[in-house]
2 protein chains.
Amino acid sequence: MERAAVTARTSPESARDIPEATVARLPVYLRALTTLSEQGTGTCSSEELAGAAGVNSAKLRKDLSYLGSYGTRGVGYDVDYLRYQIAREIGVTQDWPVVIVGIGNLGQALANYSGFRSRGFRVVALLDADPARRDEVVAGIEVRPFDDLEGIVREHSVAIGVIATPALSAQDVADRMVACGITSILNFAPFPLNVPDQVDVRKVDLSIELQILAYREQRKTGQGAPA
Amino acid sequence: MERAAVTARTSPESARDIPEATVARLPVYLRALTTLSEQGTGTCSSEELAGAAGVNSAKLRKDLSYLGSYGTRGVGYDVDYLRYQIAREIGVTQDWPVVIVGIGNLGQALANYSGFRSRGFRVVALLDADPARRDEVVAGIEVRPFDDLEGIVREHSVAIGVIATPALSAQDVADRMVACGITSILNFAPFPLNVPDQVDVRKVDLSIELQILAYREQRKTGQGAPA
DNA sequence: CCCGGTTTGTTCTCCCGTTCACAAACTCCT
DNA sequence: AGGAGTTTGTGAACGGGAGAACAAACCGGG
């Protein structure tokens, strides 16, 4: 990492172009480091950390090198120091307000998921278009009508929205979110969202994952595809 | 696609080595085709289908070319015909029994998720290690003790297991699954599973997805990483 | 101070996936 | 029958990521 001067772009001195694949792994490293820290480990080698994260050690080292030179040759990495550096890079040292739209089975599970809060994400509102759901309380949060979206986004400066609605409503919800100023969307609805370029979307599709497994399973058993 | 004779490997005449990335997209195409079919569309071009699936049309055509030559130049694809071909290739024309372990918030949401059954996946059992959960009924299925795993797997010839437990139990559950003969695992627990090579694992990690969005969000707002 | 052992950071090579661009093939109209 | 228009299937160029391998850097002992 050359680290030459300061790139004078948006961020003061942090890395400029971390590969997509690396960004996707940083949270995994972060979690592994947290586990190690809780176990009282003060220092670890790239081999150990890679093992705990389930990746190749060379890949781990290359990933970390994009952030800077936070290790010591011959020694390894200081667990807490590296943990902080990654957390800072990802942005989980700050608090991210989040809204969840669609309080069905999945939406409720998400609202109750403790992994969000513990990683810096705070669910500020649960929204649902169904009037029957009004005034219901899920995970200690009152369910509010979808039309409240704009007010909530403005009030809490929400940048991240989660869509857990049926497929048919997903695009409408996304459009409204974008109109309100939300710029990152996590989509659980099985529908390919169409959004402006500046808006980031990540999708999680449960049945697709199973279908991928089914494909490989089919090939394993050698039964192939029926003619 | 040459389609030369018969490859004489495991499967009778289907494609031999479909790229991983393509396999991951086939379910998306399948869903888009189903939607088109329900709308009464009989034929579609690669451009239309690509639009409905949210991908580039060139990529779509190349993906489909791995399966065979199912389109007609100058015309497009027959929706129902192509849909059947993809479904057969993925293996969703048959019925896949599935067990879900860990009936917390997420496990319950998964058990209730209608998208599984409608795509050829049948939840044959819900298991939980917590005795307090025994005899509870979720999604019309009785929750049974985790120790029943082996009997259930044997009885229903289960090949696919879903892990929705806390991180600490995930590896144990996976080990038991593998010992029972399960060869495909969908893991929702935030823990990198260690399994033998012949076992396929796909992981879905909710908080990692949000962290990836947070990273990009942080860069967008230009606030960068605090020094 | 010097040397062996250890571990990081980085370079280099290979492979997979994406995209462009175009020839082949089909339809429809005259 | 022939030609214009359309759309597929694929060859080729391109970019990015994975992994091996190695030089640079650090620690500790004598």
Side-chain angles (χ1 to χ4, degrees), chain A residues 1-4 14-26 28-29 32-33 36 41-79 81-83 85-86 89 192 197 212 216, chain B residues 1-4 15-26 28-29 32-33 36 41-79 81-83 85-86 89 192 197 212:
Chain A
M1 201 1 102
E2 207 33 66
R3 192 149 266 279
S14 82
R16 31 255 118 234
D17 51 348
I18 299 182
E20 205 55 35
T22 296
V23 171
R25 280 188 295 267
L26 290 180
V28 180
Y29 304 152
L33 285 166
L36 287 174
T41 309
T43 301
C44 70
S45 69
S46 66
E47 205 80 37
E48 291 174 78
L49 181 53
V55 301
N56 186 296
S57 70
K59 182 157 39 176
L60 169 71
R61 287 200 299 278
K62 182 179 284 198
D63 283 342
L64 295 184
S65 76
Y66 290 113
L67 308 187
S69 219
Y70 295 134
T72 309
R73 304 183 188 212
V75 179
Y77 300 92
D78 181 285
V79 171
Y81 179 59
L82 181 58
R83 187 157 79 102
Q85 293 300 337
I86 294 180
E89 189 66 41
D197 283 349
I212 294 170
R216 297 204 273 221
Chain B
M1 235 302 147
E2 211 28 73
R3 191 150 265 278
R16 29 265 108 238
D17 52 348
I18 299 182
E20 204 55 37
T22 296
V23 171
R25 281 187 294 266
L26 289 180
V28 180
Y29 304 152
L33 285 166
L36 287 175
T41 309
T43 300
C44 70
S45 69
S46 65
E47 205 79 37
E48 291 173 79
L49 182 53
V55 301
N56 186 296
S57 70
K59 182 156 43 174
L60 168 71
R61 288 199 301 275
K62 177 155 283 209
D63 283 343
L64 294 183
S65 76
Y66 290 113
L67 309 187
S69 219
Y70 295 135
T72 308
R73 302 181 189 214
V75 179
Y77 301 93
D78 181 287
V79 171
Y81 180 58
L82 181 59
R83 186 158 79 103
Q85 293 300 338
I86 294 180
E89 190 67 41
D197 284 347
I212 295 171

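Just so it is clear: chains get the letters A, B, ... in the order the sequence lines come, proteins before strands, and each one is counted from 1. Every heavy atom of this structure was used, including side-chain atoms; hydrogens, water molecules and symmetry mates were not.
If you measure from atom CG of D78(B) to atom C1' of dT8(D), you get 15 Å, rounded to the nearest angstrom. One atom, CG of L60(B), and another, P of dT8(D), lie 8 Å apart when rounded to the nearest Å. The nearest whole Å value for the distance from the CG atom in D63(B) to the C1' atom in dG9(D) is 13 Å. In this structure, R61(A) places its CZ atom 15 Å from P of dT6(C), rounding to the nearest Å. One atom, NZ of K62(A), and another, P of dG19(D), lie 10 Å apart when rounded to the nearest Å. Note: OH (Y66(A)) to P (dA18(D)) measures 9 Å, nearest angstrom. Rounded to whole Å, the distance from CD on Q85(A) to P on dG9(C) is 12 Å. Atom P of nucleotide dC16(C) and atom CG of D17(B) are separated by 10 Å, given to the nearest angstrom.
Taking both residues in full, the closest heavy atoms of L49(A) and A32(A) are given as CD1-CB, 3.8 Å, listed atom of the first, atom of the second, then distance.
Rounding to the nearest 0.5 angstrom, the gap separating the OG atom in S46(A) from the CG atom in L60(A) is 6.0 Å. Taking CD1 from I212(B) and CZ from R25(A), the interatomic distance works out to 10.5 Å, rounded to the nearest 0.5 Å. Note that CD of E89(A) is 14.0 Å distant from OH of Y29(A), once rounded to the nearest 0.5 Å.
In this structure, of dT19(C), dT8(D), dA20(D), it is dT19(C) that holds the atom nearest to the side chain of K59(B). Comparing atom distances between the R73(A) side chain and each of dC26(C), dT8(C), dG19(D) picks out dT8(C) as nearest. For V75(A), counting side-chain heavy atoms from C-beta on, the closest listed nucleotide (dT7(D), dG19(D), dC27(D)) is dC27(D). Closest approach to the S69(A) side chain among dA18(D), dG9(C), dT8(D) is made by dG9(C) (side chain taken as heavy atoms from C-beta onward).
At dT8(C), none of the side-chain N or O atoms of T72(A) fall inside 4.0 Å of OP1 or OP2 (strictly under the cut-off). Between Y77(B) and dG9(D), a side-chain N or O to OP1/OP2 separation shorter than 4.0 Å is present. Note on S46(B): a side-chain N or O is less than 4.0 Å away from OP1 or OP2 of dT8(D).
In this structure, R83(A) and Y77(A) have side chains that are not in contact, with every pair of non-hydrogen atoms separated by 4.5 Å or more.
Within the nucleic acid shown, E20(B) comes within 4.0 Å of sugar-phosphate atoms alone, with no base atom in reach, counting heavy atoms only.
Ranked by how close their nearest DNA chain D nucleotide is to the 5' end, T22(A) and G71(B) are led by G71(B). Residue whose closest nucleotide on DNA chain D sits further toward the 5' end, between A58(A) and G74(A): A58(A).
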